[in-house]
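By convention in this document, chain letters (A, B, ...) are assigned in the order of the sequence lines, proteins followed by strands, and residues within each chain are numbered from 1.
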2 protein chains.
Amino acid sequence: MPKAKRPVSPYAADAAVRLGQLIRRGRIDRHMTVAALAERAGVSRGLIQRIEAGDTGCTIGAVFEAAAIVGVRLFDAGQVTMSRDVESARELLTLLPKAIRSHRTEPDDDF
Amino acid sequence: MPKAKRPVSPYAADAAVRLGQLIRRGRIDRHMTVAALAERAGVSRGLIQRIEAGDTGCTIGAVFEAAAIVGVRLFDAGQVTMSRDVESARELLTLLPKAIRSHRTEPDDDF
DNA sequence: TTCTTATGGCCTATTTATGGATCAAACGTG
DNA sequence: CACGTTTGATCCATAAATAGGCCATAAGAA
């Protein structure tokens, strides 16, 4: 058997890979070497390689750091860049409870 | 002295916090308890709490996993949801070199 | 081509995150 | 209000990420 590290869903793995690709592209666009990015991010060269490879075991601190340096922004200064930011409306209706009164064991799923 | 864990830039820390907030909102919207989300994500309850708090020390695997479950998608099935996805054009022009010939020690910065 | 450098993979020591339990306080409901 | 539940925070043992080296190979420049 290979190495059953920490299992992640296909989506999570895919998302990590895509983010890694974005970072790599951003780095290359800026003519930076992996070593240079590593130095600026304050991490090791190997870690940058794993981040660009989409390793799900990297901390978001390191990943977001690298992303920021090469210009990949998931969030646009103050506003979230999401497909559906319609959600922001609902928060006013619900007024976000702090504790959830769960009765239904199985939440309505969708993926 | 406080805790000088792994230093991260303000942006990276902020991005992590925002993502955590999105996850929390998504969870509450779906009437899920922290424990329920933890179980579905296959992680501990404490980890979900740290993720929602924006702890930069969490692995992207765990964070993206939680995000996916509560419906927070940074990437829209096949297409990246970024402010500037114009970049996809450039990759055809440049044809992305695999190795960077760095001369300039200091890359053109912007933030 | 030849040379120089970037990259990627592997390894090990160390640092760190994670799981699991526990506890107190806050919360929602009847 | 009083109840049961959720949340948040802490502690510790353990699993895992990270640093940092090394080496082989690929890639760009002359």
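Between the P atom of C/dA17 and the CD1 atom of A/Ile60 lies a distance of 11 Å, rounded to the nearest Å. We find that CD1 of B/Ile51 is positioned 13 Å from P of C/dA17, with the value rounded to whole Å. Atoms CE (A/Met32) and P (D/dG28) sit 18 Å apart, rounded to a whole Å. Going from atom CD1 of B/Ile28 over to atom C1' of D/dT7 covers 11 Å, rounded to whole Å. Atom CG of A/Leu37 is separated from atom C1' of C/dT7 by 13 Å (rounded to the nearest Å). If you measure from atom CG of A/Leu47 to atom P of C/dC10, you get 17 Å, rounded to the nearest angstrom. If you take CD of A/Glu52 and C1' of C/dA6, they are 12 Å apart, rounded to a whole angstrom. If you measure from atom CD of B/Glu39 to atom P of D/dT7, you get 14 Å, rounded to the nearest angstrom.
In this structure, the separation between CG on A/Leu74 and CG on A/Leu19 is 5.5 Å, given to the nearest 0.5 Å. A distance of 9.5 Å separates CD of B/Glu65 from CG of B/Leu37, quoted to the nearest 0.5 Å.
A donor-acceptor contact under 3.5 Å is not formed by the side chain of B/Arg45 with the base of C/dG20.
Residue B/Ala35 is the one, among B/Ala99 and B/Ala35, whose nearest nucleotide of DNA chain D lies closer to the 5' end (criterion: closest heavy atom). Mapping A/Arg24 and B/Arg50 onto DNA chain C by nearest heavy atom places A/Arg24 at the nucleotide closer to the 5' end. Mapping A/Val34 and B/Asp55 onto DNA chain C by nearest heavy atom places A/Val34 closer to the 5' end of the strand.
Across C/dT7, C/dG19, D/dG4, the shortest atom-to-atom separation from the side chain of A/Arg101 is found for D/dG4. When the nucleotides C/dG8, D/dT7, D/dA19 are ranked by their closest atom to the side chain of A/Gln49, C/dG8 comes out on top. Listed nucleotides C/dA17, D/dA27, D/dG8 differ in distance to B/Lys98; the shortest reach to its side chain belongs to D/dA27. In the set C/dT7, C/dA17, D/dT7, D/dT7 carries the atom at the smallest distance from any side-chain atom of B/Arg27.
Here A/Gly42 lies in heavy-atom contact (under 4.0 Å) with sugar-phosphate atoms only.
For the pair A/Arg18 and A/Asp14, the salt-bridge criterion is met [side-chain N within less than 4.0 Å of a carboxylate O].
For D/dA17, neither phosphate oxygen OP1 nor OP2 lies less than 4.0 angstrom from any side-chain nitrogen or oxygen of B/Thr59. When the side-chain nitrogen and oxygen atoms of B/Thr33 are compared with OP1 and OP2 of D/dT7, one or more of them lie within a distance under 4.0 Å.
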query: When you look at B/Ile100 and A/Met32, which way does the side chain to side chain contact (heavy atoms under 4.5 Å, CB included) test go after all the steps?
result: CA-CA 7 Å; B/Ile100 303 301; A/Met32 294 180 67; 5.9 Å; no

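Checked by atom type and distance alone, the side chain of A/Arg24 never pairs as donor or acceptor with a backbone atom of A/Glu52 at under 3.5 Å.
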